[in-house]
Amino acid sequence: TKQMDKAQTEFSKLTAHPDLAVAAMAMEGVIRCLQQSSKGGEVEAFCQSKAVSPNPGIALVASSELGALQFQKAGSSAQALRASMNTLLNAVVKYLPPKGSPLSKYHAKALWNLGQCYQQLGALSKIPDSQKRYRFWAIGAYSDLIAYHPAEPLAVEAQKKRKELMAIK
């Protein structure tokens with residue numbers, strides 16, 4: 001629609017804002033506009049192009065959203081899950097937002113999805129050592145989410161997942 005296109009244009013302008021949080025929130029606005037419009041298929045390409053941004057806030061939002069999209073599409077494909085895992089690792093390693101930052105939700109989401117990827121990869125593996133390694137990595141992702149973002153709603157879910165995984169022998 002014309003309103004969605006206009007909103008997307010305005011959000012796009014703000015992605016160059018010098019304040020990382022403003023730029024990242026504008027990035028979220030562009031993504032939401034693409035999802036709501038008939039251009040939903042462009043979200044992945046848009047996020048791929050922004051995941052390499054020199055602005056760490058933009059790169060975090062783009063990588064977090066791209067990794068989530070890749071994870072949703074991956075199903076039981078180990079190769080696709082590893083691609084999602086790499087994108088999510090890129091998101092969590094490049095930029096850790098300060099406590100209370102509006103960007104924390106993207107970092108938390110990336111850690112959550114990373115833990116989910118590890119769990120899925122472990123479930124697909126037929127090698128017991130690999131299963132243990134992926135479980136260990138999933139516990140680590142959930143633990144980081146809890147430690148870095150205790151106020152985020154996903155932290156509660158991460159605590160449950162971590163407890164569940166730690167109970168497995």
Side-chain angles (χ1 to χ4, degrees), residues 15 20-21 23-32 34-35 39-99 101-150 152-155 157-162 164-166 168:
T15 61
L20 293 180
M25 299 303 273
M27 174 77 181
E28 180 181 18
V30 172
I31 292 168
R32 298 299 167 248
L34 287 171
Q35 289 172 331
K39 302 174 189 172
E42 295 178 20
V43 174
E44 192 167 348
F46 177 73
C47 288
Q48 283 177 331
S49 72
K50 297 298 184 180
V52 295
S53 171
N55 177 325
I58 294 286
L60 172 62
V61 174
S63 296
S64 179
E65 292 295 322
L66 179 58
L69 286 169
Q70 291 170 327
F71 179 71
Q72 289 170 358
K73 289 181 178 180
S76 60
S77 165
Q79 182 178 356
L81 285 166
R82 281 192 289 278
S84 174
M85 177 187 73
N86 288 332
T87 300
L88 293 163
L89 279 169
N90 189 40
V92 299
V93 169
K94 276 192 173 177
Y95 182 64
L96 175 61
K99 200 169 197 134
S101 166
L103 298 175
S104 291
K105 69 179 181 180
Y106 300 103
H107 197 262
K109 181 179 178 181
L111 284 167
W112 172 261
N113 284 319
L114 183 59
Q116 295 287 291
C117 273
Y118 287 145
Q119 279 191 263
Q120 185 72 8
L121 284 164
L124 291 173
S125 179
K126 293 176 178 22
I127 303 166
D129 285 346
S130 291
Q131 293 169 346
K132 288 179 186 176
R133 183 174 53 246
Y134 283 122
R135 186 170 54 249
F136 176 77
W137 290 343
I139 290 168
Y142 296 137
S143 295
D144 286 349
L145 194 163
I146 295 161
Y148 295 135
H149 310 292
E152 290 295 323
L154 282 173
E157 295 302 314
Q159 286 177 334
K160 292 176 189 173
K161 285 285 187 183
R162 183 177 70 173
E164 174 187 310
L165 293 172
M166 290 177 79
I168 298 171

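- Scanning all heavy atoms of the two residues, the minimum distance from A91 to L60 falls at O-CD1, 3.4 Å.
- Annotation for I168: atom CD1 counts as buried by contact number, over 12 foreign heavy atoms lying within 6.0 Å.
- Nearest heavy atoms, A51 versus K94: O-NZ, 3.9 Å.
- Contact detail for S125 and S130: the closest heavy-atom pair is OG-CB, 3.2 Å.
- Looking only at distances, no side-chain donor or acceptor of S63 sits under 3.5 Å from a matching main-chain atom of L88.
- Residues V92 and H107 share a closest heavy-atom pair of O-NE2, 3.1 Å.
- Of all non-hydrogen atoms in A26 and T15, the two that sit nearest each other are CB-N, 3.8 Å.
- With Y142 as the partner, the side chain to side chain contact (heavy atoms under 4.5 Å, CB included) test is satisfied by one option alone out of Q116, E164, M166: Q116.
- No side-chain donor-acceptor contact under 3.5 Å links S64 to the backbone of V61.
- By the ring pair (Phe, Tyr, Trp, His ring centres under 6.0 Å) test, Y106 is found to be paired with no residue, residues two or more places apart in sequence or in another chain being considered.
- A donor and an acceptor atom, one from each side chain of R32 and Q35, are located under 3.5 Å apart.
- The existence of a salt bridge linking K109 and E65 is confirmed by a sub-4.0 Å separation between a basic side-chain nitrogen and an acidic carboxylate oxygen.
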